[in-house]
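Worksheet: the structure to be examined is printed underneath.
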Amino acid sequence: MDSTAVASGTDRLLTEHQRTLDALRASEEFARNLIESSIDMIIAADRERKITEFNHAAESAFGYSRAEILGRDVGLLYAEAQQGTFIHKKTIKDGHCVAEVMNRRKNGEIFPSLLSSSVMRNAHGEEIGIMGISRDITERKHAEQTLLATERKLKLIAENTTEVIFAYDLDHRLIYVNPAVEKMTGYSVDDLMKGHFIRWMHPEDEPRIMELWDEAFRLGRYGSGEFRLLTRSNRTRWCHSSIGPMRGEDGHQVGVLVVNRDITVERELEEQFRQAQKMEAVGQLAGGVAHDFNNIIAIIRGYSDLILRKLPKGDPLRSKMESIRVASSKATEITRQLLAFSNKQMLQPRVIDLNAHLRSMHEMIQRLIGENIELTTHVGSAACVRVDPSYLDQVIMNLVVNARDSMPEGGRLTIRTELESLDPRKSSAQIELPAGVYVKLSVVDTGTGMAPEVCARVFEPFFTTKKPGKGSGLGLSTAYGIVKQSGGFIRVHSLVGRGTTFIIHLPRAEGKPEKISSSHDDYNDAPRGSETVLVVEDDEILRHVAVEILETLGYRVSAARDAEEALRLFSEGGKSFQLLFTDVVMPTLNGIELANRIGKLSPGTRVLYSSGYAEQVDRSRDVLDPSRNFLPKPYDTLSLGRMVRIVLDRR
């Protein structure tokens, strides 16, 4: 072979080899530049786990220089050696491994990273080590922990709030409901997850709810309203519902959020307030006419008594006059009822043993309800209350009659007493009483019961479910007024088909029960006298009636139309009177003020007050004692005669 040709071939080989070396060096330099410029940590280790590569990002992250870390065991870079061993074995076994690991810096600080490792092989396919690419995920982990903490707080709030929260996706599927739903509805979270919350809303409210629902989904609008919800036990509860779009981080709607707040108690309190306003309005009307109305009845009763005293028993007019007197008594009862529910009736309270009082009424109640109703009375420990016995009887009889009418086919009537301590912080919102010890009187029947809407109105004046002529609608409103004016509270609980319970709380009274004298209403039994009496009454006809009644009973009587005339009679002419019988409500100067002035002119003069308007009398409770020196209107011959003698004979 030609030496020139050989030399030329050698030159070509050397040139190609040089080019290969140059290309390899260029490739290695390019790879080195890639490794060094990478923002991720790139670390390589040989088969003995000795570090062979450690880029600039790794130096910055771990705090080691490349020079001091090369040749050292790769396990040095892990927070736990076992984790490094696990990563190494899994990479060898599977050829690659992706995992979150905890690394340790040169200063001992621990930080998380996301590692992707793979097996390195030479040109012959032989395994020569492992290369890993890691990224510091400290900020991401911190963000995740912050998000997790926020989610936990939100979940904690949602699961402990009393408001019921429903979350729906855009396909109208329920994706979350909090535990508060169980307390509000009686349904479990699982029950609710199986259906739509509309199923548990009152049918009458469904159209409005669906309107808000549609606006939230279709238009992304927010809306709210007050709606009724039906519980598992079929009870109605009121809730304030807020329905609006639920949006993601990007602001786009991802679903609908429904928040329901139970406002049943608030609605009940509002209804009680409206009820109180209605009763107060009627009460004001009743109180405004009571004075004149009672004066008229007193005139009718007074003249009836006077005429009957003069008519012989065989006189044909006597039966007609007795009918007039009976009619006036019925009118008196209506006035008493109107004033009782409006809290303006003048009660004459005394301490009584409620248990003994009920025992004395047992036979009368049994006759009233009939033999087809079983009567049971359970009395607890000593239960003294301060009430007007006649009005208490009226309350009990009203409740008994209502119970009887609800059991036309027979049943059981139970009357029970017991002591109960009430604390306003723990008591039901329905009981409007201060803390203290009360006597609890329950009247329970097994009758037809009442629907909730009827229960809400039973104490309204003139409200009745009875047929025309079977009830005036004043019985329960009267009971309500009497109990409230006696310092107590009455409420009702009833279920259709399961009977009714009326519960009365009356303040327990201290002291011994007072003896209640019995009497029959006969004008001929009115006691007589001969003392001098001054009658002060602004109603002319009633004034004449009072004067004539007292004169008929033997008294020497003078009359005055107002306080000014009465004072003139006392101060002029040297007249003296042993009794001042005065109306409380009069123009310019009332009866209390008149008595105070006469007391200075004539200290020995006794005073008997009269009024048909208890609100005026209540302002002077320190002066008036209903059981000793007050005669409520309308009065008759018997009540006037007896009260005059009580005041005059008092020592």
Side-chain angles (χ1 to χ4, degrees), residues 291 294-295 298-299 301-303 305-306 309-310 346 348 523-613 616-617 619-651:
H291 184 257
N294 280 325
N295 283 353
I299 292 169
R301 296 185 70 175
Y303 275 132
D305 288 348
L306 290 171
R309 291 175 71 92
K310 296 178 180 180
M346 190 65 187
Q348 295 179 297
Y523 51 85
N524 290 312
D525 290 339
R528 300 174 63 83
S530 59
E531 290 88 346
T532 57
V533 180
L534 175 60
V535 175
V536 185
E537 170 62 57
D538 60 333
D539 187 293
E540 183 178 1
I541 301 178
L542 181 57
R543 183 169 66 250
H544 291 318
V545 171
V547 169
E548 192 168 348
I549 289 175
L550 291 172
E551 288 178 340
T552 302
L553 296 176
Y555 296 98
R556 290 169 291 163
V557 187
S558 296
R561 65 178 179 273
D562 54 29
E564 286 78 3
E565 186 175 353
L567 288 171
R568 284 197 300 271
L569 288 174
F570 261 91
S571 60
E572 297 174 1
K575 285 190 176 182
S576 63
F577 298 94
Q578 291 165 286
L579 176 69
L580 169 66
F581 177 41
T582 179
D583 189 10
V584 175
V585 183
M586 294 187 296
T588 65
L589 199 66
N590 65 43
I592 307 295
E593 295 167 331
L594 171 62
N596 290 336
R597 293 195 184 185
I598 288 179
K600 296 175 182 178
L601 296 172
S602 177
T605 301
R606 303 292 178 88
V607 182
L608 174 60
Y609 299 96
S610 182
S611 179
Y613 194 16
Q616 295 292 335
V617 178
R619 299 172 185 172
S620 304
R621 286 286 184 178
D622 56 332
V623 177
L624 302 180
D625 182 346
S627 66
R628 293 172 61 84
N629 66 341
F630 180 80
L631 179 64
K633 294 178 181 179
Y635 50 79
D636 56 14
T637 300
L638 180 62
S639 59
L640 176 56
R642 282 182 171 169
M643 205 64 205
V644 167
R645 284 261 48 98
I646 289 174
V647 175
L648 287 172
D649 294 341
R650 186 184 307 136
R651 295 180 180 179

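Throughout, numbering of the chain's residues begins at 1 and tracks the sequence. Keep in mind the model is a prediction, meaning the values are calculated, not measured.
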Exercise. Are side-chain heavy atoms of L553 and V644 found at a separation under 4.5 Å?
Worked result: no
Problem set entry | Nearest heavy atoms of M586 and T582, plus distance in Å | CE-OG1, 3.6 Å
Seminar exercise, completed: For E565, the side-chain contact (heavy atoms from CB on, under 4.5 Å) test, sequence neighbours excluded, returns A560, R561, D562, R568
Problem set entry | I598/F577 under side chain to side chain contact (heavy atoms under 4.5 Å, CB included): CA gap, chis, key distance, verdict | CA-CA 10 Å; I598 288 179; F577 298 94; over 6 Å; no
For this session: For side chain to side chain contact (heavy atoms under 4.5 Å, CB included), just list the numbers for S558 and V535, CA-CA rounded to whole Å, side-chain angles, deciding distance to a tenth of an Å, and then say yes or no.
Result: CA-CA 6 Å; S558 296; V535 175; over 6 Å; no
For this session: State whether the side chain of R301 and the backbone N or O of Y635 hold a donor-acceptor pair below 3.5 Å, judged by distance alone.
Result: no
Seminar exercise, completed: Residues passing the side-chain hydrogen bond (donor to acceptor under 3.5 Å, both in side chains) test with Y555, sequence neighbours excluded, are R645
For this session: Salt-bridge test for R309 and E548: reply yes if a basic N is under 4.0 Å from a carboxylate O, no otherwise.
Result: no
Problem set entry | Under 3.5 Å donor-acceptor, R528 side chain and G641 backbone | no
For this session: Give a yes or no on whether the backbone of Q578 and the side-chain of T532 come within a donor-acceptor separation of less than 3.5 Å.
Result: yes
Exercise. Where do E531 and L579 land on the side chain to side chain contact (heavy atoms under 4.5 Å, CB included) test, with the steps shown first?
Worked result: CA-CA 8 Å; E531 290 88 346; L579 176 69; over 6 Å; no
Problem set entry | Beyond-backbone contact of L631 with F581, side-chain heavy atoms, under 4.5 angstrom | yes
Problem set entry | Atom CG of L601: over 12 foreign heavy atoms under 6.0 Å | yes
Problem set entry | Y303 and H544, any side-chain heavy atoms less than 4.5 Å apart | yes
For this session: Applying side chain to side chain contact (heavy atoms under 4.5 Å, CB included), run through I549 and L306 and close with a yes or a no.
Result: CA-CA 7 Å; I549 289 175; L306 290 171; 4.1 Å; yes
Exercise. Would you call K633-D583 a salt bridge at under 4.0 Å N-O?
Worked result: yes
Problem set entry | With T588 via side-chain hydrogen bond (donor to acceptor under 3.5 Å, both in side chains) - residues at least two apart | E564
